[in-house]
Amino acid sequence: MYFSTHQDNAIVDLTKVENYITNQMLPLYVMTTNKDFIREQSVELDKFLTEHHIKHKFHDYGDDQHERQHVFHINQINQKDELAKKCNLDEIRFFKEHMT
């Protein structure tokens, strides 16, 4: 199994995302942060998509001086975060590029 980190064996069949991804999928937008609790899975998804030539865009936000958590870009406490703004604009740009 490609995405095997911290999964309960009882639900493994429900989480085999790679079984449902084909080269006929629409382009995917994948983003994560340096302190995202699912960062490892996002990085593995990026690898999987790249290895299988699935069109996608991967962004990894934050660094040691600018740590960000999961869903930092929609955090209502800090809506003036410039990195969150960049993240949202990157995502908007991606979808605009792929809308027909």
Side-chain angles (χ1 to χ4, degrees):
M1 184 169 68
Y2 210 91
F3 308 105
S4 61
T5 57
H6 71 271
Q7 293 178 349
D8 186 320
N9 287 336
I11 61 169
V12 144
D13 288 340
L14 300 176
T15 60
K16 290 184 179 178
V17 174
E18 63 273 24
N19 290 346
Y20 304 97
I21 297 176
T22 71
N23 61 2
Q24 296 178 359
M25 280 193 89
L26 296 173
L28 300 171
Y29 185 86
V30 180
M31 60 83 72
T32 192
T33 65
N34 61 324
K35 296 296 180 179
D36 191 345
F37 70 95
I38 59 169
R39 182 178 189 285
E40 188 174 331
Q41 287 79 12
S42 298
V43 170
E44 288 300 313
L45 178 59
D46 174 51
K47 289 178 189 175
F48 177 87
L49 296 171
T50 300
E51 289 172 4
H52 290 84
H53 308 287
I54 307 294
K55 289 183 181 180
H56 71 289
K57 183 68 91 170
F58 177 76
H59 286 274
D60 191 355
Y61 297 95
D63 57 37
D64 290 341
Q65 288 74 41
H66 306 94
E67 294 181 347
R68 295 300 187 275
Q69 304 290 327
H70 186 71
V71 299
F72 81 101
H73 62 304
I74 58 172
N75 185 341
Q76 294 179 6
I77 296 170
N78 191 8
Q79 293 180 346
K80 297 184 187 220
D81 181 348
E82 287 300 314
L83 191 55
K85 181 178 179 179
K86 178 185 180 341
C87 175
N88 287 324
L89 291 173
D90 289 344
E91 191 169 8
I92 289 167
R93 190 175 306 109
F94 172 83
F95 285 107
K96 281 185 175 180
E97 288 174 5
H98 293 92
M99 293 174 72
T100 56

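A quick note: this is a predicted structure, and the numbers were derived from the prediction, not measured.
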key: Cluster check L89, F58: I/L/V/M/F/W/Y, side chain < 4.5 angstrom   = no
task = Check the angle between the aromatic planes of Y61 and H59 and answer parallel, tilted or perpendicular using the 30° and 60° thresholds.
result = parallel
key: From CA spacing to verdict: side-chain contact (heavy atoms from CB on, under 4.5 Å), M31, C87   = CA-CA 8 Å; M31 60 83 72; C87 175; 3.1 Å; yes
note = OH (Y29) and CZ (R93) are apart, to the nearest 0.5 Å, by 8.5 Å
key: side-chain contact (heavy atoms from CB on, under 4.5 Å) between E18 and L45, worked out   = CA-CA 8 Å; E18 63 273 24; L45 178 59; over 6 Å; no
query = Taking atom types as modelled and ignoring hydrogens, do the side chains of H53 and N23 form a donor-acceptor contact shorter than 3.5 angstrom?
reply = no
query = Atom CG of L83 and atom CD of E67: how far apart are they, to the nearest 0.5 Å?
reply = 12.0 Å
Salt bridge R68-D63, side-chain N to carboxylate O under 4.0 Å = no
task = State the CG-CG distance between D64 and N34, to the nearest 0.5 angstrom.
result = 7.0 Å
ask   = Would you say H70 has more than 12 foreign heavy atoms packed within less than 6.0 Å of its NE2?
value = yes
remark   = Between the CG atom in D46 and the NZ atom in K57, the distance rounded to the nearest 0.5 Å is 11.0 Å
query = Are the side chain of H66 and the backbone of G62 linked by a donor-acceptor contact shorter than 3.5 Å?
reply = no
ask   = Residues in side-chain hydrogen bond (donor to acceptor under 3.5 Å, both in side chains) with K86, at least two apart?
value = D90
remark   = Rounded to the nearest 0.5 angstrom, the CZ-CD distance for F95 and E91 is 5.0 Å
key: Pairwise side-chain contact, P27 with H98, heavy-atom cut-off 4.5 Å (strictly under)   = yes
message = To the closest 0.5 Å, what do you measure between CD1 (I92) and CG (N88)?
response = 6.0 Å
Minimum-distance pair of heavy atoms, taken over all atoms of D81 and F72 = OD2-CD1, 4.0 Å
T32: side-chain hydrogen bond (donor to acceptor under 3.5 Å, both in side chains) partners, not counting sequence neighbours = D36
